Student: 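I have a structure I would like to understand better, so I am pasting it below and will then ask my questions one at a time.
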Amino acid sequence: MLLAIDCGNTNTVFSIWDGARFLATWRIATDHKRTADEYFVWFSSLLMLTKTEAKITEAIISSTVPRVVFNLRVLCNRYFDCRPLVVGKPECRLPVAPRVDQGTTVGPDRLVNTVAGFARHGGDLIVVDFGTATTFDVVDTDGAYIGGVIAPGVNLSLEALHMAAAALPHVDISKPARTIGTNTVACMQSGVYWGYIGLVEGIVRQIKLERDRPMKVIATGGLAPLFAQDTTLFDAVEDDLTMQGLVLVSQLNMTEQGL
Ligand SMILES: Nc1ncnc2c1ncn2[C@@H]1O[C@H](COP(=O)(O)OP(=O)(O)O)[C@@H](O)[C@H]1O
Ligand SMILES: CC(C)(COP(=O)(O)O)[C@@H](O)C(=O)NCCC(=O)O
Ligand SMILES: [K+]
């Protein structure tokens with residue numbers, strides 16, 4: 001079975017793929033200090049508690065935090081006796097090479113989202129991923145990642161208000177009951193919620209203008225369903241897009257190796 005690990009700047013998600021479906025998906029806060037042994041204690045406890053029968057034989061990692069990769073590699077070597085494939089490393093093949101400026105590094109999550117988006121929906125696609133940052137990945141007709149947009153994430157925007165202004169509290173995102181807030185928290189939620197709807201709609205409009213062709217828009221990330229209720233922009237909302245991409249990239253690399 002395949003262990004797919006998607007490490008974002010906020011959360012790290014582990015999914016077990018049995019060849020046909022995901023048996024389990026678990027989340028842990030991203031922390032570069034967490035050791036391989038700590039990961040394993042957490043992971044094996046969840047396996048036992050949920051009575052999940054899994055024998056991990058392969059692993060694939062996408063990490064937007066380079067420092068965590070070392071301990072995740074040790075986890076795979078020590079406890080699953082396998083060498084993980086790390087997206088973005090030269091030895092990890094992708095179906096189509098990204099077309100970006102020479103020397104630039106594309107976030108592995110964006111490469112993986114591109115692969116899954118293209119496999120499911122074909123080309124001329126915009127994938128919007130609501131993570132720590134909100135990313136827009138533009139996928140060409142042939143499935144190549146050709147660039148995109150990076151905007152501050154939803155929670156990051158709320159956190160920035162709290163950090164910079166003494167009278168603004170820490171607030172969690174939710175849809176405000178009204179646009180005109182009648183207390184500080186409601187005002188902040190309105191600013192970020194409706195600001196974000198405008199941001200996503202505006203950026204997608206500009207991308208489509210620049211590309212001058214019909215494009216599908218796919219949303220992913222934990223906060224995608226929240227925003228999907230107030231915009232008609234998204235052709236699909238797919239929570240597990242990154243995980244699906246990891247499975248596809250792993251399969252591609254195994255075929256290439258003749259496994
Ligand atoms: N379902 C959810 N409801 C509310 N907040 C969420 C949800 N899923 C994720 N978040 C928040 O959204 C932000 C981005 O999370 P995540 O998508 O895990 O980011 P990353 O992939 O960058 O680690 C975090 O602040 C997280 O706490
Ligand atoms: C833009 C990101 C920070 C998003 O990461 P996330 O929100 O998933 O933690 C990540 O994809 C990244 O570090 N990218 C490198 C630069 C680039 O993609 O162009
Ligand atoms: K992400």
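Read the numbers this way: they start at 1 and go in the same order the structure lists the ligands and their atoms. Remember, predicted model here, so these are calculated numbers, not experimental data.
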Student: Identify, by atom number and element, the atoms of ligand 2 in contact range of Val106, meaning under 4.0 Å from any of its heavy atoms.
Tutor: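 The list of qualifying atoms is 18 (O).
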
Student: So, Tyr39 versus Arg34: side-chain donor-acceptor pair below 3.5 Å or not?
Tutor: no

Student: Take atom CG in Asn183; do more than 12 heavy atoms of anything else shown fall under 6.0 Å from it?
Tutor: yes

Student: So, are Lys175 and Asp230 salt-bridged, with charged N and O less than 4.0 Å apart?
Tutor: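 Result for this pair is yes, salt bridge flagged.
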
Student: Could you tell me, atom by atom, which parts of ligand 2 come under 4.0 Å of a heavy atom of Gly131?
Tutor: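 Near Gly131, the atoms of ligand 2 are 7 (O).
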
Student: Under 3.5 Å, is there a donor on one side chain and an acceptor on the other for Thr35 and Asn71?
Tutor: no

Student: Out of all atoms in ligand 1, which are within 4.0 Å of some heavy atom of Arg27? Include the element for each.
Tutor: 18 (O)

Student: By number and element, which atoms of ligand 1 are closer than 4.0 Å to a non-hydrogen atom of Phe130?
Tutor: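 Selected atoms, number and element: 17 (O).
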
Student: Please identify which atoms of ligand 2 are closer than 4.0 Å to at least one heavy atom of Thr132.
Tutor: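 Checking each atom against Thr132, I get 7 (O), 9 (O).
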
Student: Under 3.5 Å between any N/O of Ile150 and any N/O of ligand 2: does that happen in this structure?
Tutor: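 No.
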
Student: Need the ligand 1 atom indices (1-based, order shown) with element for anything under 4.0 Å from a heavy-atom of Gly131.
Tutor: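 Close to Gly131: 14 (C), 17 (O), 19 (O), 22 (O).
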
Student: Kindly identify the option in Asn11, Asn155, Asp6 whose heavy atom sits closest to atom 11 (C) of ligand 1.
Tutor: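 The nearest heavy atom belongs to Asn155.
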
Student: Please determine whether ring pair (Phe, Tyr, Trp, His ring centres under 6.0 Å) holds for the pair Tyr193 and Phe227, giving the CA-CA distance in whole Å, both sets of side-chain angles, and the decisive distance to 0.1 Å.
Tutor: CA-CA 8 Å; Tyr193 185 82; Phe227 293 100; 5.2 Å; yes

Student: Below 4.0 angstrom from a heavy atom of Gly8, which ligand 2 atoms are there? Numbered from 1 as shown, please.
Tutor: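 By the 4.0 Å cutoff, the relevant atoms are 9 (O).
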
Student: Can you list the atoms of ligand 1 that are under 4.0 Å from a heavy atom of Thr132?
Tutor: 14 (C), 19 (O), 20 (P), 22 (O), 23 (O)

Student: Hey, any chance Ile197 and Val154 share a hydrophobic cluster, counting ILVMFWY side chains that come within less than 4.5 Å of each other, even indirectly?
Tutor: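 Same hydrophobic cluster.
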
Student: Is Thr10 close to ligand 2, meaning an N/O of one under 3.5 Å from an N/O of the other?
Tutor: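 Between Thr10 and ligand 2 (N or O atoms, distance only) the closest approach is not under 3.5 Å.
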
Student: Enter the distance from Leu161:CG to Met163:CE here, rounded to the nearest 0.5 Å.
Tutor: 11.5 Å

Student: Would you call Asp124 and Arg213 a salt bridge, using N to O less than 4.0 angstrom?
Tutor: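 Arg213 and Asp124: salt-bridged.
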
Student: If you measure from each non-hydrogen atom of Asn9 to ligand 2, which part falls under 4.0 Å: side chain, backbone, both or neither?
Tutor: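 It is both parts that get close, each with some atom under 4.0 Å.
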
Student: One thing to verify: whether Arg211 and Asp140 come together as a salt bridge, which I'm taking to mean a side-chain N less than 4.0 angstrom from a carboxylate O.
Tutor: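 The answer is yes: the pair qualifies as a salt bridge.
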
Student: Checking the N or O distance criterion of under 3.5 Å, is ligand 2 in contact with Thr135?
Tutor: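 Between Thr135 and ligand 2 (N or O atoms, distance only) the closest approach is not under 3.5 Å.
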
Student: Residue-level breakdown please: for Thr105 versus ligand 2, do any non-hydrogen atoms fall below 4.0 Å on the side chain, on the backbone, on both, or on neither?
Tutor: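 Under 4.0 Å from ligand 2, Thr105 contributes backbone atoms alone.
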
